[in-house]
Amino acid sequence: EVQLVESGGGLVQPGGSLRLSCAASGFTFSSYAMSWVRQAPGKGLEWVANINSGGGSTSYADSVKGRFTISRDNANNMVYLQMNSLKPEDTAVYLCHANWNFKVRYWGQGTQVTVSS
């Protein structure tokens with residue numbers, strides 16, 4: 001059974017930091033690029049960050065560039081999103097996506113991040 005389980009979300013003050021984790025199972029994790037995507041209340045999905053299968057190449061949305069860092073640990077089937085200098089507009093449900101040939105193949109249920117005073 002394919003599973004992507006996000007964790008690490010919660011309530012944080014503006015300017016704070018949070019690290020999200022995504023645990024993958026049921027597929028060859030190291031063969032897939034991974035992305036973090038988020039959905040704010042009442043809005044559609046917004047792509048946040050991407051990392052290639054080997055972890056040597058990353059990319060970010062302009063809105064998070066310089067603040068967020070995506071990483072992965074293929075030995076443990078994990079992908080992470082380190083979020084620093086958080087802003088209220090970062091409030092959203094964050095989901096991890098497993099991608100193959102630029103298509104989303106698997107996705108998780110998401111973890112809630114709330115940035116508020």
Side-chain angles (χ1 to χ4, degrees):
E1 179 185 356
V2 171
Q3 284 191 295
L4 289 171
V5 181
E6 300 94 337
S7 62
L11 176 64
V12 64
Q13 295 185 36
S17 297
L18 210 58
R19 188 174 85 149
L20 305 184
S21 299
C22 176
S25 61
F27 66 101
T28 307
F29 177 77
S30 61
S31 295
Y32 285 75
M34 297 294 296
S35 294
W36 284 98
V37 173
R38 66 188 182 187
Q39 185 168 26
K43 298 183 178 180
L45 291 174
E46 177 190 14
W47 170 75
V48 174
N50 186 78
I51 187 166
N52 72 337
S53 60
S57 180
T58 59
S59 57
Y60 301 90
D62 288 342
S63 59
V64 307
K65 197 171 297 180
R67 300 188 297 121
F68 290 11
T69 303
I70 188 171
S71 61
R72 67 191 297 160
D73 180 356
N74 283 348
N76 292 292
N77 289 2
M78 297 288 291
V79 61
Y80 305 98
L81 185 68
Q82 178 66 47
M83 305 185 294
N84 299 326
S85 302
L86 283 162
K87 304 175 180 180
E89 50 263 46
D90 294 319
T91 296
V93 174
Y94 285 72
L95 306 94
C96 60
H97 286 179
N99 309 309
W100 182 259
N101 289 343
F102 306 100
K103 296 180 180 179
V104 179
R105 297 297 183 95
Y106 311 112
W107 55 92
Q109 80 291 340
T111 186
Q112 176 70 48
V113 172
T114 303
V115 184
S116 177
S117 298

Review point. Should we say atom CH2 of W47 is surrounded by more than 12 heavy atoms from elsewhere, each under 6.0 Å from it?
Key: yes

Check your understanding: Is it true that V5 and M34 fall in one hydrophobic cluster, defined by side-chain heavy atoms closer than 4.5 Å?
Key -> no

Check your understanding: What class does the angle between the rings of Y106 and Y32 fall in, given that below 30° is parallel, 30 to 60° is tilted and above 60° is perpendicular?
Key -> tilted

Review point. Got a donor-acceptor contact below 3.5 angstrom from the N52 side chain to the S57 backbone?
Key: yes

Point to revise | Transitive ILVMFWY side-chain link I51 to L95, under 4.5 Å | key: no

Review point. Are W36 and C22 close enough that some pair of their side-chain heavy atoms sits under 4.5 Å apart?
Key: yes

Review point. Would you say the side chain of R38 lies within less than 4.5 Å of the side chain of V64, judging by non-hydrogen atoms?
Key: yes

Exercise for review: To the nearest 0.5 Å, tell me how far E6 CD sits from C96 SG.
Suggested key: 4.0 Å

Review point. Once you round to the nearest 0.5 Å, how far does OG1 of T28 lie from CH2 of W100?
Key: 9.0 Å

Exercise for review: Determine whether N99 and N50 make a side-chain contact, defined as any pair of heavy atoms from C-beta on separated by less than 4.5 Å.
Suggested key: yes

Review point. Do M83 and V113 have side-chain heavy atoms sitting under 4.5 Å apart?
Key: yes

Exercise for review: Could you grab the distance from atom NE2 of H97 to atom CG of L45, nearest 0.5 Å is fine?
Suggested key: 6.0 Å

Practice item. Indicate whether any N or O donor in one side chain lies under 3.5 Å from an N or O acceptor in the other, for E89 and S63. Key: no

**Study point:** Student check: side-chain heavy atoms of M78 and S21 closer than 4.5 Å
**Key:** yes

